[in-house]
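Here the structure comes first, spelled out in structure tokens, and everything after it is commentary.
Only a predicted model underlies this, so the values are computations on that prediction, with no experimental measurement involved. Below, read A as the first sequence line, B as the second, and so on, with proteins coming before strands; counting in each chain starts at 1.
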Protein chains: 4
Amino acid sequence: MKLMNPEQPLLQVFETMESEVRSYCRSFPAVFVKAKGYRLWDTAQNEYIDFFAGAGALNYGHNHPAMKQKLIDYLQNDGVTHSLDMATEAKERFLRRFWSVILEPRKMEYKVMFPGPTGTNSVESALKLARKVTGRTTVIGFTNAFHGMTLGALAVTGNTFKRQGAGVPLHHAVSMPYDGYLGKDIDSLDYLESYLNDSGSGVSKPAAIITETIQGEGGINVAGVKWLQRLERICKDNGILLIVDDVQMGCGRTGTFFSFEQAGIRPDLVCMSKSIGGYGLPMALTLIRPELDIWQPGEHNGTFRGNNLAFVAAEEALRYWENDIFAKSIESKGMLVNRFLNELVRLHPELQGEVRGKGLMQGIAFAIPGMAERLCKAVFAKGLIMETSGTDSEVAKIMPPLTIDEDGLRAGLHIVKESMRELYENPERN
Amino acid sequence: MKLMNPEQPLLQVFETMESEVRSYCRSFPAVFVKAKGYRLWDTAQNEYIDFFAGAGALNYGHNHPAMKQKLIDYLQNDGVTHSLDMATEAKERFLRRFWSVILEPRKMEYKVMFPGPTGTNSVESALKLARKVTGRTTVIGFTNAFHGMTLGALAVTGNTFKRQGAGVPLHHAVSMPYDGYLGKDIDSLDYLESYLNDSGSGVSKPAAIITETIQGEGGINVAGVKWLQRLERICKDNGILLIVDDVQMGCGRTGTFFSFEQAGIRPDLVCMSKSIGGYGLPMALTLIRPELDIWQPGEHNGTFRGNNLAFVAAEEALRYWENDIFAKSIESKGMLVNRFLNELVRLHPELQGEVRGKGLMQGIAFAIPGMAERLCKAVFAKGLIMETSGTDSEVAKIMPPLTIDEDGLRAGLHIVKESMRELYENPERN
Amino acid sequence: MKLMNPEQPLLQVFETMESEVRSYCRSFPAVFVKAKGYRLWDTAQNEYIDFFAGAGALNYGHNHPAMKQKLIDYLQNDGVTHSLDMATEAKERFLRRFWSVILEPRKMEYKVMFPGPTGTNSVESALKLARKVTGRTTVIGFTNAFHGMTLGALAVTGNTFKRQGAGVPLHHAVSMPYDGYLGKDIDSLDYLESYLNDSGSGVSKPAAIITETIQGEGGINVAGVKWLQRLERICKDNGILLIVDDVQMGCGRTGTFFSFEQAGIRPDLVCMSKSIGGYGLPMALTLIRPELDIWQPGEHNGTFRGNNLAFVAAEEALRYWENDIFAKSIESKGMLVNRFLNELVRLHPELQGEVRGKGLMQGIAFAIPGMAERLCKAVFAKGLIMETSGTDSEVAKIMPPLTIDEDGLRAGLHIVKESMRELYENPERN
Amino acid sequence: MKLMNPEQPLLQVFETMESEVRSYCRSFPAVFVKAKGYRLWDTAQNEYIDFFAGAGALNYGHNHPAMKQKLIDYLQNDGVTHSLDMATEAKERFLRRFWSVILEPRKMEYKVMFPGPTGTNSVESALKLARKVTGRTTVIGFTNAFHGMTLGALAVTGNTFKRQGAGVPLHHAVSMPYDGYLGKDIDSLDYLESYLNDSGSGVSKPAAIITETIQGEGGINVAGVKWLQRLERICKDNGILLIVDDVQMGCGRTGTFFSFEQAGIRPDLVCMSKSIGGYGLPMALTLIRPELDIWQPGEHNGTFRGNNLAFVAAEEALRYWENDIFAKSIESKGMLVNRFLNELVRLHPELQGEVRGKGLMQGIAFAIPGMAERLCKAVFAKGLIMETSGTDSEVAKIMPPLTIDEDGLRAGLHIVKESMRELYENPERN
């Protein structure tokens, strides 16, 4: 292995030194240096509009000025940076604001657990606790779910490619059909319920059912309000814990702070990460109904539970939720995106697109294989960062920072429209 | 659940809002606000000497001034903060320096994987890859090992209390005796080898053997140089991959950058986290022998693989390894600690202490139950932060930042000595 | 524990000495001494008609005279009784006749494996081989399936009560809806196929699908001919092995030697036991498509693979299949039972019975809980042995020896009718 | 697949029709027709002395005349042959005699379970019950153990070749070193105990420990009396159930009815099969300490639990245990064999044989690979049936019916001696 010379091409360091597992740097072949709001710049001073938002970790945009100032102040004052799970002032301030801005107004009573700073850590902690509380081992997840890459979370993830990466069989998990999986006319919970109610079904009573409200990675599949409500009722009736994985859909992505607020349900456990840290800094929470909080001290732990820079930014980020202005703006921008996508699909019927999603998690599912990937590649060439989702990468995803202004949104959508037009004229190119 | 009033006692917010799983805030009942080098301050302006160093995440001390300046500059210039695994300038700079300061001088050829920013993520990625490469599922770990809290890593962790937290049986792992486990006269690898060589042993050929060079959590158990060398040979002879989990012992804790350098071995996979980020920021690496790097793009991923603030600090931290001054200073401070501990044990024979460890990972194992915990409580009252380790918390651990100066070290050790004297006079107090 | 005295009541030896696990001796509280054809006698010289037929092990009735004579002759001549899997003349004769009477006329090419003398042994062997051949681990079974009580077979069994008896979680098995499980209008294979075709379904490609053609234990659920044919096609299209567990439904129970003949399918593996031994002697076969027979010698074994008394009786039993007289008689007796049951259900609409099954595996499913058990208890009091099936014992099962004559059949059915009438008049009695 | 013609060679039917899994018919290429006591005859009227005894299923020899007469009488009187677990007179008679001849004189209180007629069924039932009683899942087995081929029993079996046949990873089992495994000077229970007592060992408290007293399949490894007694004490002290698998060593093979009588221990559960049926007919028992008998009715079941022919022969076989004449004869024949083997090893020092075993389970372990197999092949050519054992087939096993007379024993041993001499002169031949 020889390292690169001064005349190296752009990505040579990465190609030489980094593992083959790297992925997004292949889709977006540029070296990024600077970012602000919904924009990024690379080493060649190209500017990009960001319709990806760190896969949901940048709901408040890149390098938000108010948070940035708080972070710099905190650093300059030598505030505690790393604290394991010791008490710090920064953590206390975050907890107070989380109470007053989020929990208290929603009349929610949850204990807050810091399970380690990633979404998969939060999911693992929720699964552990659900099993401990109920004394059962099975957890029901859904088709096309994505919950993380460590073995516990991977077991309730649907994607075969990712599951096979485990290298061991994944157990204690049963995959049930998500809303709409069996077609529009079948309520997939009929199926779930018949398994739960039948002592000959081969599926034992689970500790928990874990779900997303919209499956982002799984192809922007939206669970209906009634489906979520019925799921909650099934859980209650059967003494099964309901876990909502709000790692990607939480923090406003679908229009409300928690994505399940629209359904009016109260999960027993809620997993949060990605944008909870405000500035894109690693942080995660697990919310626990108080009566379920039977952890022994240290029964789940982790070195980076106390990432205080994240607490500082997270506290500041919660200001967005002090009133309903932000939520309303997401809604209106979501409607703009929706109108745009529907119009686009209407314009190009041959591309057989289907508009999916809500809030600022929307996209087009294409019946033509490879189409979504070609679209994302095309828009990148015009300065727009956008990704696919779905098991076969069949969905092109519109997922900008929630703080994007209308100009930015329109500029990005314009690129999509232009690229679609070109692909429409040349569907096999690229 | 009611929140706290203004006259609340110190930790009420945490006690009210945070999950029962919290642990260190119970051992160290103070709210910390500020930190610098080896010192912390709480809200009551008490000063503490830190002999815990973020459980190994703060080898370079709190808020190191050079790294701090780099971080502030980076923030002020709106450097990309969150980037998934896209290419960024900050990451490139880190990789270049990791090559020139660490890999190249040691003639090591490793691909670098960013598996998600925690130690358990790195371990999970290493286990996955080892199983993928070999097509086998079993991994051998060791008694009293600690590798992390997600289900894959937990399966190779020895601690029963932590394992039971899984809520499901943990499989594909076999626990073999660590160096010294069967007593001083028995080479525990005889046992391991007899199992591997016997087709009737009930243990199938493993994908990998994972080990720490010193078991920090497990009670400061040190693997001898010969044991490690023989372990490497056994792995080679049998086509088994050797994984060294250097999450806590790496980055200089035992005197060299990699803890296994002293044994001259070359693991197939190396897990790093904790201090690799320099400033206590979440970051992790998995080093992979190039021919084993058969990952498919995105086969393991995670939202916070691209924590650029950590890359910035990490790059700066590597300056410590540009020459051997730092390594030598760790060695001399380690000798100072060792002399001190041996003297202490000699002074108080009734406390039946045994000195363990090397470099700046040392401690005293007490035969008297509860003694180590009483000592840690006593020193905290005098302004020293120190923790126990071992399954029964039987070891008091001396684990300061590696950058501590001699004055700080002596001041902390003086507190230990005073507290020991008081406990010796009053062994049942507290 | 004291043993019984001479004045003991009837079952005292069993109640004192035998484990609580005993079951049928509770339903049929008598000590049986003698049996012939479809009749049994107890120690008090009571006579019983047998509509249970050893749960399918006595298709040719009790103590069939021709087989009996062969057995006595064999014993008297000191024919080898126990032979492990050594070659014996008795085994050779059985194999030759199995070829000429069963395989050859049906143009079937199967290798014959003797996996140990019980159904669960056969199922375990089939699952092992399917996994070995495909290199995959998952096996799909169906809701309400019953395949046996050892851990491998139990994993693909639906019944929760039996599964929990395992004492460990059962893995590598996915339970899919059997024909009719989702209601009459839904083809449950749509569901199965959507899981197989979707790489996000959370279910990996299985090694095999195992099914019964009628679920006897599961409540006499009949798989339709089209359903079985489609299942075979799905298996073929996906490179999945099809295992038919014909342990209970084979040897003519449904009218043909193999129960799947009516559907015209060719499973890759067939499990046989129960009546294959002819006389109720322990014996089992696994039939293997020749190209799948990649066993290493001794890779599956067992002490009682060579039960030569069973081979002797089994050879004789195959005479029944030398022409179609026997098959036709089963059909006509099955029609008689069917007419009777439908008439009975029509007579007592309040009992909400549903007639199920075919051939001489038929029964009535009752909507009223406990009804089937009360019926079986009532008929026993009148000298008829009959059992329930279904997870909630909701089905009363008519399952006489296939050799029963019309008089015997009518006599038994008459008892059913009388008992039904009494229960109808007194539904809550008993 | 075409079947054989009339001029076929000897084994053509088996080679054409039977699965590749067949094994003993390869070692002993003859078609056997008749057997009596310790002798067999093949179709070519060759006579063989049997030093294999159905792998332990024929302790009372082939076709024992008294049992044979009972069987013929029972058949002629149309005694119930197949009865599931219904009460029959034959079963009652067996139970009574088992009480009066076996349990009562030994002051043993055990409930008797009929778990299905094979050893692996008995082991599966014991493991299930141990897990149910304790609520734990792990079971500790030993290196080189053999307990059966269904998945539950296979999980506690040591042999890698057999384990791999499972096709799935085998869990809930930990393999500990058997007596002598770590060399003569190390008590392997030190190792076991250190794992049990250490909460960091990575092995959780097991439900049970399962052991053989001599590992027959594993290479005739004998557990010492003290080792067994210490094992019992460890189990008692830790609330772990002790299961003795006496399938092969029970029924007198080592000199007493239960093989563990010599050690004076009382297992919680005992597995019996093979010779318990007396005549080589499929039968198995699980003995259960009464307070552990918490089975629900039918929680474990099986079609062939009620093999009444086996009960009839088994009752008769127990006559051998009505006084100590039989036991003494085994002892004296065992001593004869032992003297012979030691003399043989002394005569041929180059063959590096080691005498192992006791009672009529003895053998020679050869250091030279392939030697034991060559010996077995050589003696077969001279009319003696003998098998190897051990993972690498390194042990030649002397295991005649216990009823063999001294003439037969000496005749067989003479063949061994002659063959050894020839092999000694020609070690590489064959």
- Item | Toward chain B, the part of Met283(A) with a non-hydrogen atom under 4.5 Å | backbone

- Message: Between Glu124(A) and Leu151(B), does the side-chain contact (heavy atoms from CB on, under 4.5 Å) criterion hold? Intermediate values first, please.
- Response: CA-CA 8 Å; Glu124(A) 295 256 346; Leu151(B) 290 197; 3.5 Å; yes

- Note on the structure: Cut-off 4.5 Å, heavy atoms of chain B, and the answer for Ile288(A) is side chain

- Message: Quick one, Arg131(B) with Val168(A), criterion side-chain contact (heavy atoms from CB on, under 4.5 Å). Give me CA distance, side-chain angles, the key distance, then yes/no.
- Response: CA-CA 7 Å; Arg131(B) 285 163 170 149; Val168(A) 293; 3.3 Å; yes

- Item | Nearest heavy-atom neighbours spanning Lys91(B) and Glu18(A) | NZ-OE2, 3.2 Å

- Sort Asn307(A) into side chain, backbone, both or neither according to what part of it lies under 4.5 angstrom from a heavy atom of chain B. side chain

- Any chance you could lay out the side-chain contact (heavy atoms from CB on, under 4.5 Å) test for Val33(A) and Thr88(B), step after step, and finish with the verdict? CA-CA 6 Å; Val33(A) 283; Thr88(B) 64; over 6 Å; no

- Which one of His62(A), His300(A), Gln69(A) has the most heavy-atom pairs closer than 4.5 Å to chain B? His300(A)

- Portion of Phe94(B) that has a non-hydrogen atom of chain A nearer than 4.5 angstrom: neither

- Output, in order, the C-alpha distance, side-chain angles, deciding distance and verdict of side-chain contact (heavy atoms from CB on, under 4.5 Å) for Arg96(B) and Val13(A). CA-CA 7 Å; Arg96(B) 282 181 182 275; Val13(A) 174; 3.7 Å; yes

- Distance-only polar pair, side chains of Lys274(A) and Thr303(B), donor-acceptor under 3.5 Å: yes

- Message: Within this structure, what is the NE2-CG distance for the pair His82(B) and Leu58(A), rounded to the nearest 0.5 Å?
- Response: 5.5 Å

- Task: Indicate the atoms forming the closest heavy-atom contact of Gly167(B) with Thr137(A), along with that distance.
- Result: O-CG2, 3.5 Å

- Item | Side chain to side chain, Phe52(A) and Leu84(B), heavy atoms closer than 4.5 Å | yes

- Spacing of Phe161(B) atom CZ and Gln296(A) atom CD [to the nearest 0.5 Å]: 5.5 Å

- Item | Which atoms of Ala30(A) approach chain B - backbone, side chain, both or neither, heavy atom under 4.5 Å | backbone

- Task: Measure Leu309(B) against the heavy atoms of chain A and call it side chain, backbone, both or neither at under 4.5 Å.
- Result: side chain

- Message: Is Asn77(A) close to chain B through its backbone or its side chain, or both, or neither, when contacts mean heavy atoms under 4.5 Å?
- Response: backbone

- Message: Let's test your reading of the structure: which of Val247(A), Thr120(A), Leu281(A), Asn159(A) forms the most heavy-atom pairs below 4.5 Å with chain B?
- Response: Leu281(A)

- Heavy atoms only, distances under 4.5 angstrom: which of Gly302(A), Ser273(A), Pro282(A) has the most pairs with chain B? Name it, please. Pro282(A)

- Answer with side chain, backbone, both or neither: which region of Leu127(A) has an atom nearer than 4.5 Å to a non-hydrogen atom of chain B? neither

- Task: Would you mind checking which part of His172(A) comes under 4.5 Å of any heavy atom in chain B, side chain (CB onward), backbone (N, CA, C, O), both or neither?
- Result: side chain

- Greatest number of heavy atom pairs closer than 4.5 Å to chain A - which of Val112(B), Asn121(B), Thr150(B), Asp85(B): Asp85(B)

- Task: Answer with side chain, backbone, both or neither: which region of Pro169(B) has an atom nearer than 4.5 Å to a non-hydrogen atom of chain A?
- Result: both

- Sidechain-backbone polar pair: Lys128(B) side chain, Met149(A) backbone, donor-acceptor under 3.5 Å: yes

- Compare every heavy atom of Lys162(A) with every heavy atom of Asn301(B), then report the nearest pair and how far apart it is. ND2-CE, 3.6 Å

- Task: Please look at Arg26(A) and chain B and tell me whether the side chain, the backbone, both or neither of the residue comes under 4.5 angstrom of a heavy atom of that chain.
- Result: side chain

- Leu285(A), part contacting chain B, at a heavy-atom distance under 4.5 Å: neither

- Side chain, backbone, both or neither: which part of Tyr279(A) has a heavy atom under 4.5 Å from chain B? both

- Message: Given heavy-atom pairs under 4.5 angstrom as the criterion, report whether the side chain, backbone, both or neither of Gln76(A) touches chain B.
- Response: both

- chain B contact via Leu154(A) - side chain, backbone, both or neither, heavy atoms under 4.5 Å: side chain

- Task: List the atom of Gly298(A), the atom of Ser23(B), and the distance in Å for their closest heavy-atom pair.
- Result: N-CB, 3.8 Å

- Closest non-hydrogen atoms of Phe304(A) and Ala57(B), given as atom of the first, atom of the second and distance, are CE2-CB, 4.4 Å

- Val31(A) side chain reached by Glu92(B) side chain, heavy atoms, under 4.5 Å: yes

- Comparing Ala87(A), Cys25(A), Gly280(A) against chain B, the one with the most heavy-atom pairs below 4.5 Å turns out to be Ala87(A)

- Note on the structure: Pair count under 4.5 Å, heavy atoms only, with chain A: among Ala166(B), Ala55(B), Pro65(B), highest is Ala166(B)

- Item | Within-4.5 Å side-chain heavy-atom neighbours: Thr118(A) and Pro117(B) | yes

- Query: Can a salt bridge be assigned to the pair Lys34(B) and Glu89(A) using a cut-off of 4.0 Å between side-chain N and carboxylate O?
  - Reply: no

- Query: Any salt bridge between Asp78(A) and Lys36(B), counting N to O under 4.0 Å?
  - Reply: yes

- Message: For the CZ atom on Arg289(B), are there more than 12 heavy atoms of other groups (residues, nucleotides or ligands in this structure) within a distance under 6.0 Å?
- Response: yes

- Name the option with the most non-hydrogen atom pairs under 4.5 Å to chain B; the candidates are Ser83(A), Gly119(A), Gly54(A), Gly135(A). Gly54(A)

- Which value, rounded to the nearest 0.5 Å, describes the distance between Leu129(A) atom CG and Glu20(B) atom CD? 11.5 Å

- Query: How long is the gap from CE on Met17(A) to CG on Leu103(B), to the nearest 0.5 Å?
  - Reply: 5.5 Å

- Which bit of Pro115(A) is near chain B, if near means a heavy-atom gap under 4.5 Å: side chain, backbone, both or neither? neither

- In Å, rounded to the nearest 0.5 Å, how long is the span from OH of Tyr24(A) to CE of Met86(B)? 9.5 Å

- Query: Where the side chain of Asp293(B) meets the backbone of Ser19(A), is there a donor-acceptor pair that is under 3.5 Å apart?
  - Reply: no

- Atom CG of Leu75(B) and atom NZ of Lys68(A): how far apart are they, to the nearest 0.5 Å? 7.5 Å

- Query: Measuring heavy-atom distances to chain A, does Leu40(B) have an atom under 4.5 Å in its side chain, in its backbone, in both, or in neither?
  - Reply: side chain

- Grab the two heavy atoms, one from Asn63(B) and one from Gly79(A), that are nearest each other, plus how far apart they are. ND2-O, 3.0 Å

